[in-house]
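If you're wondering where the values come from, they're calculated on a predicted model, not measured in any experiment.
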Amino acid sequence: VDAARAGKHILLEKPKATRSEGCNQILDAANKAGICLMMGHTMQFMRSSSIVKEIIDSGELGEIIYGTGIVAKEWLTPNRKDWHREDPIGGGILITMGIHYIDLLTWWFNSRVSSVRASISNRIHGDPADDSGMILLQYEKGTSGTVINTGYKKGAEIFRATLTCTKGMLQSEMFGGVHIGKNNAWKYLPDSASPDTEHEALLNEWKTFTRAVETNTSPQVTGAYGKHIMEIVFAARESSTQSKEIWI
């Protein structure tokens, strides 16, 4: 908020804020100041993610019916901060990793989420913050998505999204590229995996932000979009606590 009031353009790392009030304050300050506010949802800028977006938008595979995003990652790595484990709002696997696939599905579907049903737990590590969860997303366009996120003790990494469309399927691996499913076979798309996925995505994100500032145009990941992603996360927490569907 202070940066916006000072007239500074902002590239803000996700998550946008720990509460809805904070999201609103940031967005209001940016709008009043007329500065560029872009959210750092870095997975949108990975090569595989961009290719999936291009294929969907081209109409090659028809309309999307539903999608799934699965992320599994060792939780207690050496760089894990205490607040990731102690604060159920500022920390936890959902707001750290699961949010990435909420973002990707929402971006790919080009639709707002209308309702959320979630089951979130801390049964793996027993910390106050969550370490696993399953979220069902219903989109305004009629599509639906499921995000499963796990911060395991003993397991193996998964970073995968699968989309089912009316004319075929897509599978995107964070480090393994993109496959198209047709005629009972998966076909790998050449050059859809980057030799340095995370570094390349970060550079693409910074270049996109710079271009938006220089051309005075809306950034790819707007502040309003970042607020909606957080609304989904907050709704998922509420849904899990109350054991019911939450409408946004």
Side-chain angles (χ1 to χ4, degrees), residues 1-58 64 67 69 89-90 94-116 135 137-141 143 145 147 161 163 172 198 200-237 246-248:
V1 170
D2 288 343
R5 288 173 177 169
K8 305 299 182 182
H9 299 294
I10 301 168
L11 175 58
L12 179 60
E13 184 55 80
K14 66 84 187 160
K16 188 172 186 180
T18 57
R19 298 183 184 278
S20 295
E21 295 81 4
C23 293
N24 291 332
Q25 289 170 2
I26 293 169
L27 189 58
D28 289 345
N31 289 338
K32 289 177 181 178
I35 55 93
C36 177
L37 169 62
M38 175 169 150
M39 294 304 304
H41 284 283
T42 313
M43 282 191 72
Q44 285 196 24
F45 300 93
M46 291 182 177
R47 187 181 304 184
S48 56
S49 303
S50 298
I51 290 173
V52 168
K53 180 66 171 173
E54 290 173 3
I55 294 171
I56 293 170
D57 290 349
S58 74
I64 299 173
I89 300 298
L94 172 58
I95 211 167
T96 304
M97 296 303 302
I99 191 174
H100 283 301
Y101 281 94
I102 293 174
D103 163 46
L104 282 184
L105 292 182
T106 303
W107 179 52
W108 286 337
F109 291 4
N110 191 29
S111 176
R112 290 177 60 86
V113 169
S114 58
S115 70
V116 180
I135 301 97
L137 309 170
Q138 188 64 47
Y139 286 85
E140 291 179 350
K141 285 187 175 180
T143 53
V147 174
L163 304 184
S172 176
E198 293 170 300
E200 181 181 271
L202 199 58
L203 290 180
N204 289 338
E205 179 182 89
W206 291 348
K207 289 175 182 177
T208 301
F209 174 64
T210 302
R211 186 163 55 251
V213 170
E214 291 176 342
T215 59
N216 193 30
T217 56
S218 180
Q220 178 169 318
V221 192
T222 65
Y225 175 88
K227 175 187 173 183
H228 182 58
I229 296 301
M230 293 311 302
E231 288 172 340
I232 298 167
V233 171
F234 300 147
R237 293 188 183 282
I246 302 297
W247 292 83
I248 298 178

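The side chain to side chain contact (heavy atoms under 4.5 Å, CB included) search around R112 returns E140, H228, E231, not counting sequence neighbours. Checked against salt bridge (Lys or Arg N to Asp or Glu O under 4.0 Å), E54 has no partners two or more places apart in sequence or in another chain. Under the side chain to side chain donor-acceptor pair (under 3.5 Å) criterion, H9 pairs with no residue at all, not counting sequence neighbours. Here T222 pairs with nothing under the side chain to side chain donor-acceptor pair (under 3.5 Å) rule; sequence neighbours left out. Legend: residues meeting salt bridge (Lys or Arg N to Asp or Glu O under 4.0 Å) with K53, ordered by chain and number and at least two apart, are D57. Remark: N24 pairs with K227 by the side chain to side chain donor-acceptor pair (under 3.5 Å) rule, at least two apart or across chains. Not counting sequence neighbours, the partners of T217 by the side chain to side chain contact (heavy atoms under 4.5 Å, CB included) test are A212, T215. Remark: E200 engages R47, S194 in a side chain to side chain donor-acceptor pair (under 3.5 Å) (not counting sequence neighbours).
Rounding to the nearest 0.5 angstrom, the gap separating the CD1 atom in I232 from the CZ atom in R237 is 13.5 Å.
Within the structure, the side-chain hydrogen bond (donor to acceptor under 3.5 Å, both in side chains) test picks out the following pairs touching residues 202-211 (sequence neighbours left out): T42-E205.
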Side chains of residues 27-38: which donor-acceptor pairs under 3.5 Å do they make with residues two or more places apart or in other chains?
unit_1 : atom_1 : unit_2 : atom_2 : d
N31    : ND2    : L27    : O      : 3.3

Donor-acceptor contacts, no H, no angles, side chain residues 98-108, under 3.5 Å, sequence neighbours left out:
unit_1 : atom_1 : unit_2 : atom_2 : d
Y101   : OH     : F159   : O      : 3.4
Y101   : OH     : R160   : N      : 3.2
D103   : OD1    : Q44    : NE2    : 2.8
D103   : OD1    : Y225   : OH     : 2.6
T106   : OG1    : I102   : O      : 2.7
T106   : OG1    : Y139   : OH     : 2.9
W107   : NE1    : Q44    : OE1    : 3.4
W108   : NE1    : S49    : O      : 3.1

